[in-house]
Amino acid sequence: MDKGIIAGNFSRCAYFYDSYADVQRRAALEILGGIEDCSFSKVLEIGCGTGNYTLLLREKFKKARITALDISDKMAEVAQGKLKDKDIEFIVADGESVNFPDEEFDLITSSACFQWFENLGAALEKYRGLLKKNGLISFSIFGPLTFWELNASLESLLQNTPIAANNFIDKAQINKILKRNFKEFRLKELRYQESFTSLLGLLHKIKYTGERGNGASSKISLGQRELKKLEEVYLNKFHQIEATYQIFFCQGLVE
């Protein structure tokens with residue numbers, strides 16, 4: 001993962017993101033619905049993006065002190081403007097390297113961000129140390145089968161061009177990391193599907209939600225002719241332009 005490229009991609013799409021982030025909103029609602037305790041007083045959100053999940057957190061934890069951070073300055077800027085009257089502290093920082101030496105939180109949470117981490121295990125170990133006794137971490141993370149239809153079509157056409165999601169860690173790895181860091185944890189998988197009228201519609205969705213990460217493993221260039229051919233391959237394989245999102249919903253409790 002090249003964090004500079006990832007941050008740049010999210011910054012470029014910051015002002016378009018909300019128009020394309022339907023799946024991310026569904027994931028945020030799913031996370032929030034799984035947090036039963038409403039008494040948390042100090043909340044840390046990792047990867048706040050444009051603040052859609054942040055707003056949900058504020059509405060649920062009305063009296064809590066909320067700190068929200070994002071690696072993209074433009075994303076944080078949009079979130080801060082959107083929630084300027086909500087008494088939320090915004091920080092521009094990499095969630096993996098940020099430190100809070102004198103802080104403890106009741107809840108650490110994140111929606112669709114941790115797939116961009118280089119070392120999820122080390123990050124969760126750090127977050128565990130930031131949680132108070134009986135503190136909770138609750139997050140969603142995209143899995144490697146996200147956009148598998150697009151990946152299969154690209155491989156058929158160009159060969160050896162896996163998309164960013166191919167590098168996301170799988171369910172077994174996440175389970176192992178959670179088990180190592182938390183005595184009590186939960187892990188649930190959901191898959192969402194979206195349909196598009198054209199391949200270009202799907203590619204726009206990927207572009208404007210930052211889901212391309214730092215792109216395919218090799219540099220590829222798709223002109224109009226190549227896009228048309230790729231769409232034909234996609235339709236021959238799947239009969240429609242449909243995309244899968246594999247999302248894992250995770251919780252860990254500090255005892």
Side-chain angles (χ1 to χ4, degrees), residues 1-28 45-54 68-82 90-98 110-120 123 139-151 153-155 158 160-169 192 194 196 198-223 226-227 230 241 243-248:
M1 297 293 179
D2 187 319
K3 292 293 186 70
I5 294 176
I6 291 170
N9 285 338
F10 277 108
S11 287
R12 279 188 289 274
C13 73
Y15 295 99
F16 305 97
Y17 181 88
D18 285 352
S19 298
Y20 293 87
D22 302 324
V23 167
Q24 286 79 1
R25 289 191 186 90
R26 291 176 66 181
E45 182 191 4
I46 308 294
C48 65
T50 60
N52 295 322
Y53 183 42
T54 319
L69 66 86
D70 200 274
I71 195 172
S72 162
D73 59 343
K74 293 298 183 183
M75 283 286 198
E77 181 181 290
V78 172
Q80 192 164 16
K82 188 187 297 183
F90 287 96
I91 299 172
V92 177
D94 180 352
E96 283 193 270
S97 60
V98 70
S110 179
S111 181
C113 166
F114 288 176
Q115 65 271 6
W116 305 119
F117 280 12
E118 293 177 349
N119 190 329
L120 179 63
F139 63 92
S140 68
I141 179 171
F142 283 12
L145 295 182
T146 300
F147 302 138
W148 71 269
E149 301 94 340
L150 174 60
N151 192 59
S153 300
L154 278 167
E155 287 188 335
L158 302 172
N160 299 318
T161 58
I163 59 176
N166 267 33
N167 297 315
F168 295 167
I169 62 176
Y192 301 144
E194 278 192 316
F196 300 86
S198 67
L199 175 64
L200 198 58
L202 169 58
L203 296 179
H204 280 162
K205 178 67 175 281
I206 293 171
K207 176 180 179 180
Y208 291 122
T209 53
E211 291 160 352
R212 59 182 174 169
N214 54 336
S217 64
S218 59
K219 294 182 179 179
I220 58 175
S221 178
L222 294 176
E226 289 81 10
L227 281 172
L230 180 59
I241 306 298
T244 296
Y245 296 77
Q246 181 188 36
I247 307 181
F248 302 115

Only counting residues at least two apart or in another chain, list the ones meeting side-chain hydrogen bond (donor to acceptor under 3.5 Å, both in side chains) with [X].
{"X": "Ser72", "answer": "Ser11"}
{"X": "Tyr15", "answer": "Glu77"}
{"X": "Gln80", "answer": "none"}
{"X": "Ser110", "answer": "none"}

Apply side chain to side chain contact (heavy atoms under 4.5 Å, CB included) to the pair Tyr192 and Asp22, showing each step before the final yes or no. CA-CA 11 Å; Tyr192 301 144; Asp22 302 324; over 6 Å; no
Rounded to the nearest 0.5 Å, what's the gap from [atom1] on [X] to [atom2] on [Y]? Could you check?
{"X": "Asn52", "Y": "Thr54", "atom1": "CG", "atom2": "OG1", "value": "7.5 Å"}
{"X": "Leu150", "Y": "Leu203", "atom1": "CG", "atom2": "CG", "value": "6.5 Å"}
{"X": "Asn166", "Y": "Leu145", "atom1": "CG", "atom2": "CG", "value": "9.0 Å"}
{"X": "Phe16", "Y": "His204", "atom1": "CZ", "atom2": "NE2", "value": "10.5 Å"}
{"X": "Ile169", "Y": "Leu120", "atom1": "CD1", "atom2": "CG", "value": "4.5 Å"}

Residue list, side-chain contact (heavy atoms from CB on, under 4.5 Å) with [X], at least two apart or on another chain:
{"X": "Ala14", "value": "Lys74, Met75, Val78"}
{"X": "Ala28", "value": "Tyr53, Leu56, Ser111"}
{"X": "Ala165", "value": "Thr146, Ile163, Phe168"}
{"X": "Ser97", "value": "Asp94"}

Identify the heavy atoms of [X] and [Y] that sit nearest to each other, and give their distance.
{"X": "Glu96", "Y": "Glu118", "answer": "OE1-N, 2.7 Å"}
{"X": "Val92", "Y": "Ala76", "answer": "CG2-CB, 3.9 Å"}
{"X": "Ala79", "Y": "Gly51", "answer": "CB-N, 3.6 Å"}
{"X": "Leu227", "Y": "Leu199", "answer": "O-CD2, 3.6 Å"}
{"X": "Ser140", "Y": "Ile247", "answer": "CB-CG2, 3.8 Å"}

Does the side chain of [Y] come within less than 4.5 Å of [X]'s, by heavy atoms?
{"X": "Lys82", "Y": "Asp18", "value": "yes"}
{"X": "Leu230", "Y": "Leu158", "value": "no"}
{"X": "Thr50", "Y": "Asp70", "value": "no"}
{"X": "Tyr245", "Y": "Phe147", "value": "yes"}
{"X": "Val23", "Y": "Thr209", "value": "no"}

Results of ring pair (Phe, Tyr, Trp, His ring centres under 6.0 Å) for Tyr20 - residues two or more places apart only: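 In terms of ring pair (Phe, Tyr, Trp, His ring centres under 6.0 Å), with neighbours along the sequence ignored, Tyr20 is linked to Tyr208.
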Going by ring pair (Phe, Tyr, Trp, His ring centres under 6.0 Å), name the residues that satisfy it together with Phe114, two or more places apart in sequence or in a different chain.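 So Phe114 forms a ring pair (Phe, Tyr, Trp, His ring centres under 6.0 Å) with Phe117, Tyr127, Phe139.
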Under the salt bridge (Lys or Arg N to Asp or Glu O under 4.0 Å) test, residues paired with Asp73 that sit two or more places apart: none
Pairing residues for Glu149 by the salt bridge (Lys or Arg N to Asp or Glu O under 4.0 Å) criterion, not counting sequence neighbours: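 Residues passing salt bridge (Lys or Arg N to Asp or Glu O under 4.0 Å) with Glu149: none at all.
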Return yes if some donor-acceptor pair links the side-chain N/O of Gln24 with the main-chain N/O of Ala112 below 3.5 Å, else return no. no
Does any N or O in the side chain of Arg12 come within less than 3.5 Å of the main-chain N or O of Lys207, such that one atom is a donor and the other an acceptor?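 Looks like no, no N/O pair under 3.5 Å.
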For the pair Trp116 and Phe10, name the ring-plane relationship: parallel under 30°, tilted 30 to 60°, perpendicular over 60°. perpendicular
